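The next block holds one structure in the form of structure tokens; read it before the comments.
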Amino acid sequence: MKKFIEKIEKICKENEKVAMFIDMDGTITVYDIYPENMVNEKMQEEYSQAEPAQYIIDILEKVNHIPNLDLYILSLSRTVKITKEKKKWLKKYIPFIEEANWIIITKELNEYSKENRNIIKAQKIKDMENEYNYFILLDDDHKILKETQKMLGDHGRVFHISSILV
């Protein structure tokens, strides 16, 4: 935990304005695995009861006090109903990140597809390059992390969720 906070503080000291994007599923929520044919139904029914990864949330609440760092939620959602459930969950467990900073990309609304799933988060981050000079992504998906680091280059850093735990 301490090492992660120190890395974020160092990045913020070296940059004027930093945005940190945080994934939900498997990052700040305990992610349940369902059979592929039941994912939508189960997530729609059960997401608001997803267990928060409280240790991670506590650390994010600490880094949220860094003056030149803005926190964002950046999550993929399969359906509009799951998006609504994610918003309910965020209101309950992540009140320190304002709703204006929640970016939930919904497949059912054609905001992403199977083909661009691994790069859509990086594209959303890049859309904000006029507002920030450095970006951080905290996620649990290796493909998304790899593609995001490629796209951000020297203007960003990605962290796998496991990096907070050491």
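Atom set for the values below is all heavy atoms of this structure, side chains included, hydrogens, waters and symmetry mates excluded. What you see is a predicted model, and the numbers here were worked out from it, not measured in a lab.
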Working for side chain to side chain contact (heavy atoms under 4.5 Å, CB included), residues Ile136 and Val18: CA-CA 8 Å; Ile136 299 167; Val18 180; 3.8 Å; yes
Trace of the side chain to side chain contact (heavy atoms under 4.5 Å, CB included) decision for Asp139 with His160: CA-CA 5 Å; Asp139 208 306; His160 186 271; over 6 Å; no
Carefully, step by step, assess Thr79 and Gln44 under the rule side-chain hydrogen bond (donor to acceptor under 3.5 Å, both in side chains). CA-CA 8 Å; Thr79 69; Gln44 288 174 161; 2.9 Å; yes
Begin with the C-alpha distance, continue with both residues' side-chain angles, and end with the deciding distance and a verdict on side chain to side chain contact (heavy atoms under 4.5 Å, CB included) for Ile57 and Tyr55. CA-CA 6 Å; Ile57 293 168; Tyr55 181 78; over 6 Å; no
Full working for side chain to side chain contact (heavy atoms under 4.5 Å, CB included) between Met128 and Tyr72: CA-CA 12 Å; Met128 301 177 82; Tyr72 289 84; 3.1 Å; yes
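Put simply, the side chain of Gln149 gets close to the backbone of Gly153: a donor and an acceptor are under 3.5 Å apart. A donor-acceptor contact shorter than 3.5 Å links the side chain of Asn116 to the backbone of Ser113. In this structure, Asn68 contributes its side chain and Cys12 its backbone to a donor-acceptor pair below 3.5 Å. Checked by atom type and distance alone, the side chain of Lys86 pairs as donor or acceptor with a backbone atom of Leu76 at under 3.5 Å. Side chain of Asn133 to main chain of Asn15: no donor-acceptor pair is present (N/O by atom type, distance under 3.5 Å, no hydrogens or angles). In this structure a side-chain-to-backbone donor-acceptor pair under 3.5 Å is missing from Glu51 to Val30.
Between Ile125 and Met151, the closest side-chain pair of non-hydrogen atoms is not below 4.5 Å. Looking only at side-chain heavy atoms (C-beta outward), Lys126 and Glu129 come within less than 4.5 Å of each other.
The side-chain contact (heavy atoms from CB on, under 4.5 Å) with Ile28 is formed by just one residue from the set Ile73, Leu138, Asp140, Ile161; it is Ile73. When the options Lys17, Met20, His155 are evaluated for a side-chain contact (heavy atoms from CB on, under 4.5 Å) with Tyr132, the one that passes is Lys17.
Criterion: ILVMFWY side-chain heavy atoms under 4.5 Å apart, direct or through other members. Under it, Ile97 and Phe4 are part of a common hydrophobic cluster. Leu165 is connected to Phe159 through a chain of hydrophobic side-chain contacts under 4.5 Å among Ile, Leu, Val, Met, Phe, Trp and Tyr, so both are in one cluster. By the rule that hydrophobic residues join a cluster once side-chain heavy atoms approach within less than 4.5 Å of another member, Trp102 and Tyr47 end up as members of one cluster. Hydrophobic clustering (side-chain heavy atoms under 4.5 Å, transitive across Ile, Leu, Val, Met, Phe, Trp, Tyr) keeps Met24 apart from Ile144. One hydrophobic cluster, built from ILVMFWY side chains closer than 4.5 Å, holds both Ile8 and Ile94.
Here the straight-line distance linking atom CD of Gln123 with atom OG1 of Thr148 works out to 9.5 Å at 0.5 Å rounding. The line from CG of Leu60 to NE2 of His65 is 11.0 Å long, rounded to the nearest 0.5 Å. The distance from atom CZ of Phe135 to atom CD1 of Ile11, rounded to the nearest 0.5 Å, is 13.0 Å. Rounding to the nearest 0.5 Å places CG of Asp23 at 11.5 Å from CD1 of Ile56. Atom CZ in Phe21 sits 13.5 Å away from atom OG in Ser75 (nearest 0.5 Å). For the atom pair CG of Leu71 and CD1 of Ile22, the computed distance is 4.5 Å after rounding to the nearest 0.5 Å.
At a threshold of 4.0 Å, the pair Lys10-Glu14 counts as salt-bridged, since one of the basic side-chain nitrogens sits closer than that to a carboxylate oxygen. Look at Lys150 and Glu147 and you find a salt bridge, because one of the NZ, NE, NH1 or NH2 atoms lies within 4.0 Å of a carboxylate O, short of that distance. Here Asp141 pairs with Arg117 in a salt bridge; the nearest charged N to carboxylate O distance falls below 4.0 Å.
Closest heavy-atom contact between Ala50 and Thr29: CB-CB, 4.3 Å. Considering all non-hydrogen atoms of both residues, Asp154 and Tyr134 come closest at O-CE1, 3.5 Å. Here the shortest heavy-atom pairing between Lys114 and Lys107 reads N-CE, 4.4 Å.
Shown here are the side chain to side chain donor-acceptor pair (under 3.5 Å) partners of Lys62, two or more places apart in sequence or in another chain: there are none. Shown here are the side chain to side chain donor-acceptor pair (under 3.5 Å) partners of Lys88, two or more places apart in sequence or in another chain: Glu85. With sequence neighbours excluded, no residue satisfies salt bridge (Lys or Arg N to Asp or Glu O under 4.0 Å) with Lys84.
In this model, no donor atom of one side chain and acceptor atom of the other lie less than 3.5 Å apart for Thr106 and Ser77. Looking at Gln54 and Tyr93, their side chains never bring a donor and an acceptor atom within 3.5 Å of each other.
Within a 6.0 Å radius of CD in Glu6, other residues, nucleotides and ligands contribute more than 12 heavy atoms.
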